[in-house]
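Report on the structure given below.
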Amino acid sequence: MPENFELLAADLHSKARRGRLSTAHGVIETPAFIPVGTQGSVKGVSPRELRELDAQIILGNTYHLFVRPGLDVIKHFGGLHKFVNWDGPILTDSGGYQIFSLAKLRKITENGVEFQNHVDGARAFISPEIAMEIQRALGSDIVMALDECVPYPCEYDYAAQSAEMTTRWAKRCKQWTKENAERSTSNAQRPTSETDSINSQLSTLNQLLFGIVQGATFENLRKASAQQIVELDFDGYAIGGVSVGEPEEEMMRAVESAEPFLPGDKPRYAMGLGTPPQLLEMIGRGMDMFDCVLPTRLARNGTAFAAAGTLNLKNAEFILDKNPIEENCACPACREFSRGYIRHLIKAEEILGLRLITLHNLHFYLNLMNGVRTEIERGTFDQFRKAFVAEYKTRDAVTVE
Ligand SMILES: [Zn+2]
């Protein structure tokens with residue numbers, strides 16, 4: 001079988017890597033930023049606009065899609081790609097993170113998680129096998145193993161037991177995938193109805209399965225978790241349980257503790273991160289993929305990203321400002337509109353205002369990754385990272401919740 005991940009260049013002065021990940025719906029050049037489409041939509045932005053912004057891949061939240069509209073609806077439309085009209089790669093999380101953060105938890109056992117969803121309170125149960133089944137039905141290109149994401153702070157003993165359970169769950173996810181890959185091949189040859197045919201098309205997809213390293217803020221647990229997850233041999237490895245409220249140094253240390261134990265020839269995904277400087281620091285520590293709600297979430301409260309830090313466009317200083325959000329930015333908002341006008345839209349609560357800032361912010365993140373890829377190829381990433389981080393900190397950054 002051909003390798004899914006190709007390493008194209010490595011930085012000499014840091015652990016930054018330039019790679020290429022092939023999926024059933026196309027290639028992802030890494031380092032890559034993944035816009036978050038929580039409920040099957042990157043908030044306020046259409047798939048056509050995402051393509052124009054050169055987004056390579058989007059993320060869908062399994063938990064949200066499972067709760068609403070539900071799997072039957074998505075299956076009826078032939079899977080998530082068709083339902084949302086995005087033909088590029090899609091990564092889905094396992095649902096674990098949202099179950100632990102949003103749903104009313106009933107019980108976590110070795111078998112799985114019982115919860116009541118946050119929409120109508122209906123009870124549901126997700127096991128490692130069910131998480132795989134749901135993501136198979138969604139038809140995502142990159143599937144995440146079910147893990148337990150512990151909160152911060154977390155007691156050592158709980159973190160240790162939880163990381164070990166995450167390993168056992170990862171093993172079950174891997175096992176389910178292996179068994180159902182075999183079964184789906186035989187099903188595919190004899191579809192008996194339209195639904196069967198759709199199901200067999202979905203199940204024969206070449207889905208990549210990523211394992212998730214846990215271990216909270218404890219170095220030895222991160223190391224042990226990385227070793228155990230790698231032992232199971234996944235298509236890629238994620239660092240989970242970071243950016244859950246811990247100080248930035250602890251976040252960096254969690255990644256540094258796990259990274260040396262991840263194989264160099266597989267993609268690494270730091271989940272749920274982060275600010276632009278954090279992304280560069282993570283890339284310098286050997287991470288390849290990132291997803292984060294910040295560009296879209298902050299846009300909705302009037303905050304725009306710029307090379308010199310964030311701008312709060314609600315501020316009075318922008319009332320008469322004829323400049324674009326950022327000079328020389330090629331995004332649709334900066335090409336056509338002034339800070340003063342966008343400020344007015346935000347103050348007047350016009351939808352266009354948050355849409356324009358969202359487009360700018362996504363462009364900022366995606367363009368930053370594009371620049372990073374070039375810098376790694378040129379061997380100048382480390383200087384670029386230092387200069388960027390120093391300039392970014394010249395302005396007071398917003399508090400990131
Ligand atoms: Zn812009």
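As the structure lists them, so they are numbered: ligands from 1, and atoms in each ligand from 1.
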Exercise for the section: If the plane angle is over 60° it's perpendicular, under 30° parallel, otherwise tilted; pick one for F210 and Y269. Expected result: perpendicular
Practice task
Would you verify whether the NZ or CZ of K266 falls within 45 degrees of the ring axis of F234 while also being under 6.0 Å from that six-membered ring's centre?
Solution key: no
Problem - Distance criterion under 2.8 Å: protein N/O/S atoms around the Zn ion (ligand 1) - result: 4
Practice task
Evaluate the ring planes of H118 and H64, with Trp represented by its six-membered ring, and classify them as parallel (under 30°), tilted (30 to 60°) or perpendicular (over 60°).
Solution key: perpendicular
Practice task
Please confirm whether the backbone N or O of L209 pairs with a side-chain atom of D235, one donor and one acceptor, at under 3.5 Å?
Solution key: yes
Fill in the blank from the handout: Contacts of D120 meeting side chain to side chain contact (heavy atoms under 4.5 Å, CB included) (sequence neighbours excluded), chain-then-number -> N117, A122
Exercise for the section: Taking the side chain as every heavy atom from C-beta outward, state whether M252 and M282 have any atom pair closer than 4.5 Å. Expected result: yes
